Amino acid sequence: EIAASNGTVAFEVPRIEVSASETKKFAADKFEMGFSLEIRGKDKESVSKRLAERRSVIFENVKSLEIPQSNVEQNSVEIHKEWSYRNSKRELVGYVATQSFVITVNRKIDAAALVQALSSEPDVEIQRTSAQLKDVDAVQSTVIKAAGKKATAKANDYAEGVGAKLGRV
């Protein structure tokens with residue numbers, strides 16, 4: 001009991017602070033894979049045409065693995081000149097056309113199958129595969145709730161240990 005200066009009595013409520021942590025591992029359920037096509041040739045038109053043909057190979061592989069075409073993000077095509085320099089003279093060697101793709105799948109097995117299928121294609125460069133979680137907020141919420149339950153259980157044990165009940169948390 002604590003007497004206040006205005007004549008009232010206040011009760012000091014015992015407090016205890018507890019903390020808890022939680023670590024959980026979650027399997028990735030979203031895989032983003034980067035690929036690019038690079039075509040070289042002497043003629044700009046033929047390079048562009050060949051790039052379109054080779055692009056269809058990527059889409060055929062995507063379709064054969066039943067990956068929705070909406071999961072394929074294509075970046076714009078870039079075509080630039082390739083030069084060589086000999087005896088202080090600049091000479092046009094040809095053209096280089098490139099296009100990048102990001103393909104997203106939900107299963108690791110699909111990511112592996114696509115990488116394997118495209119790895120044998122001569123003009124396809126495999127850049128990276130990034131494993132992620134589709135719904136990071138839901139995963140964080142699960143971990144936070146688990147840590148909260150641990151902390152509440154710990155506080156309840158402390159309260160019972162001193163013959164008290166857990167109050168408002």
Side-chain angles (χ1 to χ4, degrees), residues 17-155 169:
E17 289 185 27
V18 295
S19 65
S21 64
E22 182 73 13
T23 303
K24 288 185 180 264
K25 289 187 177 185
F26 293 88
D29 58 1
K30 178 181 176 183
F31 299 87
E32 286 187 352
M33 297 160 289
F35 301 96
S36 66
L37 277 173
E38 183 175 280
I39 307 294
R40 295 173 181 274
K42 299 270 182 205
D43 176 72
K44 191 175 187 178
E45 189 175 315
S46 66
V47 166
S48 182
K49 183 179 175 186
R50 180 136 165 76
L51 183 71
E53 291 168 0
R54 300 301 296 149
R55 182 179 331 137
S56 68
V57 169
I58 289 178
F59 283 101
E60 287 166 14
N61 278 285
V62 164
K63 186 177 182 179
S64 73
L65 293 169
E66 298 179 0
I67 299 168
Q69 195 165 338
S70 60
N71 288 18
V72 179
E73 177 186 316
Q74 303 181 67
N75 294 323
S76 60
V77 174
E78 179 184 311
I79 299 177
H80 67 270
K81 295 176 183 174
E82 188 172 41
W83 300 95
S84 77
Y85 297 90
R86 291 184 194 160
N87 301 327
S88 301
K89 275 186 124 178
R90 184 169 89 158
E91 233 177 83
L92 179 64
V93 174
Y95 295 88
V96 180
T98 56
Q99 184 171 19
S100 298
F101 300 82
V102 176
I103 302 171
T104 304
V105 295
N106 298 327
R107 299 181 324 161
K108 185 178 182 179
I109 193 167
D110 294 336
L114 184 60
V115 167
Q116 185 171 354
L118 292 177
S119 66
S120 64
E121 295 297 331
D123 303 321
V124 176
E125 293 289 324
I126 300 169
Q127 296 166 336
R128 61 171 169 71
T129 297
S130 169
Q132 304 170 8
L133 296 170
K134 272 192 251 179
D135 191 351
V136 175
D137 293 339
V139 170
Q140 286 176 336
S141 177
T142 300
V143 173
I144 290 167
K145 286 175 185 174
K149 284 180 183 178
K150 271 187 179 178
T152 302
K154 191 188 278 188
V169 179

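What you see is a predicted model; the values in this text were computed from it and never measured. Hydrogens, waters and symmetry mates play no part in the numbers below; they use all other heavy atoms, side chains included.
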Quick one: does [X]'s side chain have a donor or acceptor within less than 3.5 Å of a partner on [Y]'s backbone?
| X | Y | answer |
| --- | --- | --- |
| Asn87 | Lys89 | no |
| Thr142 | Ala138 | yes |
| Ser48 | Lys44 | no |
| Asn71 | Ile103 | no |

Please list, one pair per line, the donor and acceptor atoms closer than 3.5 Å that link side chains of residues 124-134 to other protein atoms, with sequence neighbours excluded.
from   : atom 1 : to     : atom 2 : distance (Å)
Gln127 : NE2    : Ser36  : OG     : 3.1
Ser130 : OG     : Gln132 : NE2    : 3.0

Pairwise salt bridge (Lys or Arg N to Asp or Glu O under 4.0 Å) hits with a residue in [range], at least two apart:
| range | result |
| --- | --- |
| residues 90-102 | none |
| residues 100-123 | Arg50-Asp123, Arg54-Glu121, Arg54-Asp123, Arg107-Asp110 |
| residues 144-153 | Glu22-Lys150 |
| residues 77-87 | Arg40-Glu82 |

Nearest heavy atoms of [X] and [Y], plus distance in Å:
| X | Y | result |
| --- | --- | --- |
| Val18 | Ala155 | CG2-CB, 3.8 Å |
| Ala97 | Leu51 | CB-CD2, 4.1 Å |
| Ala117 | Ser120 | O-OG, 3.3 Å |

| message | Any non-hydrogen side-chain atom of Val62 less than 4.5 Å from a side-chain atom of Gln69? | response |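 Contact flag for Val62/Gln69 side chains = no.
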| query | If you count the non-hydrogen atoms of other residues, nucleotides and ligands that lie under 6.0 Å from CD1 in Ile109, is the total more than 12? | reply | no
| said: Taking atom CD as the centre, does Glu17 end up with more than 12 heavy-atom neighbours from other residues, nucleotides or ligands that are less than 6.0 angstrom away? | reply: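 Open: at most 12 neighbouring heavy atoms sit under 6.0 Å from CD of Glu17.
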Between [atom1] on residue [X] and [atom2] on residue [Y], distance to nearest 0.5 Å:
| X | Y | atom1 | atom2 | result |
| --- | --- | --- | --- | --- |
| Ile58 | Phe35 | CD1 | CZ | 7.5 Å |
| Trp83 | Leu92 | CH2 | CG | 5.0 Å |
| Thr98 | Glu38 | OG1 | CD | 6.5 Å |

| field | Qualifying side chain to side chain donor-acceptor pair (under 3.5 Å) pairs with a residue from residues 55-66, counting only residues at least two apart or across chains | value |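 Sorted result for residues 55-66: Arg55-Gln99.
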